[in-house]
Visitor: 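I'd like to ask some things about the structure below.
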Amino acid sequence: MEGIEHRTVEANGIKIHIAEKGEGPVILFLHGFPELWYTWRHQIQALASLGYRAVAPDLRGYGDSDAPADGTCYTSLHVVGDIIGVLDAIGADQVFVVGHDWGAYMAWYMCLYRPDRVKALVNLSVPFSPRNPRRKPLDSLSALFGDDYYICRFQEPGVIETEFGEIGVDRVLKHFLTYHDPSPLLLPKGKKAFGDDPDTPIALPSWLSEEEVHYYSSKYKKTGFTGGLNYYRSLDRNWELTASFTGCQIKVPTKFIVGDQDLTYNAPTKEFIQSGGLKKFVPLLEDVAVMEGVGHFIHEEKPDEINQHIYNFFRNF
């Protein structure tokens, strides 16, 4: 894409690919699954034009960054360590952060572990989830949604990768990126994931082109999905490693944005936010924006609105 520069930096003992554009205060963009730095293409262009230096890495396990073979190396401590290493490598002491999906999850942890490195945060789709000392995350998810819930189905190494292989990378990505349903995503065992019928074309929304899907697909055909899936497989490990942070608050100025058709919002999340739970654990939460009719990939579906939200919030600092 025009004007976006790419390079690889050494961070936390591995190589991390970053895309960047612009000059000025740094905005660090953290992507989710099944995404890449490329998910922020609209934000990079817009915020660079508004006087910021936009930096978007491929997180470990994704795209052109290293993907350690050891599946236990994808905890929040590893990933935040990578992020701090990236900031050191580019000479950025304190930055603005924008996260989505797993990127939002890691941004929360970055603010928990290293609030000194974050000026302000805009997180999309995934709210902060305080640690429940009485039950592990996977036990909670299974009890709430059942064992066919997609996160539960992702746990056993190799199983979902085989199922995805039967469908093909292109169709797997299209199923995820076009998912626009507030109900839980279930992948029943013994059936093709997403109920896929290879003879039925998957219609793309107006905000996503075949060319854009092809970029994602070209990278995932090289790497596979295991690196990204290892984040889900680290949920209980994160819980074990963060016992000392039970009850801690996120003390960074924050804005949270979510679509009302996002599956992450239509769970206990909506009640958690509306009842003041998010504000309790994120006391510097300044605003929650719920966008009507918008799904999970909010920054791709409504890039102009998200760009404006980001700019209007960070300009205050």
Visitor: Would you give the length of the straight line joining atom CE of Met106 to atom CG of Leu59, rounded to the nearest 0.5 angstrom?
Guide: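 Those atoms lie 7.5 Å apart.
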
Visitor: Would you say the rings of Tyr74 and Tyr232 are close, in the sense that their centroids are separated by under 6.0 Å?
Guide: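 Not under 6.0 Å, so no.
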
Visitor: I would like to know whether Thr75 and His78 meet side chain to side chain donor-acceptor pair (under 3.5 Å); could you show each step before the answer?
Guide: CA-CA 5 Å; Thr75 69; His78 290 91; 2.7 Å; yes

Visitor: Determine which pairs satisfy side-chain hydrogen bond (donor to acceptor under 3.5 Å, both in side chains) with at least one residue from residues 188-198, sequence neighbours left out, and list them in order.
Guide: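 Sorted result for residues 188-198: Arg171-Asp196, His175-Asp196, Asp197-Thr200.
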
Visitor: Which pairs pass salt bridge (Lys or Arg N to Asp or Glu O under 4.0 Å) with one or both residues in residues 134-160, sequence neighbours excluded?
Guide: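 Checked against salt bridge (Lys or Arg N to Asp or Glu O under 4.0 Å) - neighbours excluded - the pairs reaching residues 134-160 are Lys136-Glu240, Arg153-Glu163.
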
Visitor: For Asp93, give me all partners under side chain to side chain donor-acceptor pair (under 3.5 Å), at least two apart in sequence or on another chain.
Guide: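 Checked Asp93 against side chain to side chain donor-acceptor pair (under 3.5 Å); zero matches.
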
Visitor: Among pairs that include at least one residue of residues 274-295, which meet side-chain hydrogen bond (donor to acceptor under 3.5 Å, both in side chains), considering only residues two or more places apart or in two chains?
Guide: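 Checked against side-chain hydrogen bond (donor to acceptor under 3.5 Å, both in side chains) - neighbours excluded - the pairs reaching residues 274-295 are Lys255-Asp287.
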
Visitor: Just to verify, what does Glu166 make a side chain to side chain contact (heavy atoms under 4.5 Å, CB included) with, not counting sequence neighbours?
Guide: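 For Glu166, the residues satisfying side chain to side chain contact (heavy atoms under 4.5 Å, CB included) (neighbours in sequence not counted) are Thr162.
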
Visitor: Which pairs pass salt bridge (Lys or Arg N to Asp or Glu O under 4.0 Å) with one or both residues in residues 22-39, sequence neighbours excluded?
Guide: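 Every pair satisfying salt bridge (Lys or Arg N to Asp or Glu O under 4.0 Å) with a residue in residues 22-39: there are none.
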
Visitor: Glu300: which residues meet the side chain to side chain donor-acceptor pair (under 3.5 Å) condition with it, sequence neighbours left out?
Guide: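 Residues passing side chain to side chain donor-acceptor pair (under 3.5 Å) with Glu300: Thr39, Arg41, Tyr216.
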
Visitor: Run the ring pair (Phe, Tyr, Trp, His ring centres under 6.0 Å) test against Tyr62 and tell me which residues pass, sequence neighbours left out.
Guide: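 Listed in chain order: His31, Tyr231.
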
Visitor: Ring centres of Tyr105 and Trp102 under 6.0 Å apart?
Guide: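 Yes: the rings meet the under 6.0 Å criterion.
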
Visitor: Could I get the full list of side chain to side chain donor-acceptor pair (under 3.5 Å) partners for Lys15, not counting sequence neighbours?
Guide: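 Applying side chain to side chain donor-acceptor pair (under 3.5 Å) to Lys15 gives Glu10.
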
Visitor: I'd like a table of donor-acceptor pairs (distance under 3.5 Å, sequence neighbours excluded) in which one partner is a side-chain atom from residues 1-9, with atom names and distances.
Guide:
unit_1	atom_1	unit_2	atom_2	d
His6	ND1	His17	NE2	2.9
Arg7	NE	Glu20	OE2	2.6
Arg7	NH2	Glu20	OE2	3.2

Visitor: Give me each pair satisfying salt bridge (Lys or Arg N to Asp or Glu O under 4.0 Å) with a member in residues 76-86, each pair once, sequence neighbours excluded.
Guide: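 As it turns out, the salt bridge (Lys or Arg N to Asp or Glu O under 4.0 Å) pairs with a partner in residues 76-86, which skip direct neighbours, are Arg60-Asp82.
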
Visitor: Which pairs count as ring-ring contact (aromatic ring centres under 6.0 Å, His included) when at least one residue sits in residues 274-309, sequence neighbours excluded?
Guide: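 Matches after skipping sequence neighbours: Trp40-His299, His100-His296, His100-Phe297, His100-His299.
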
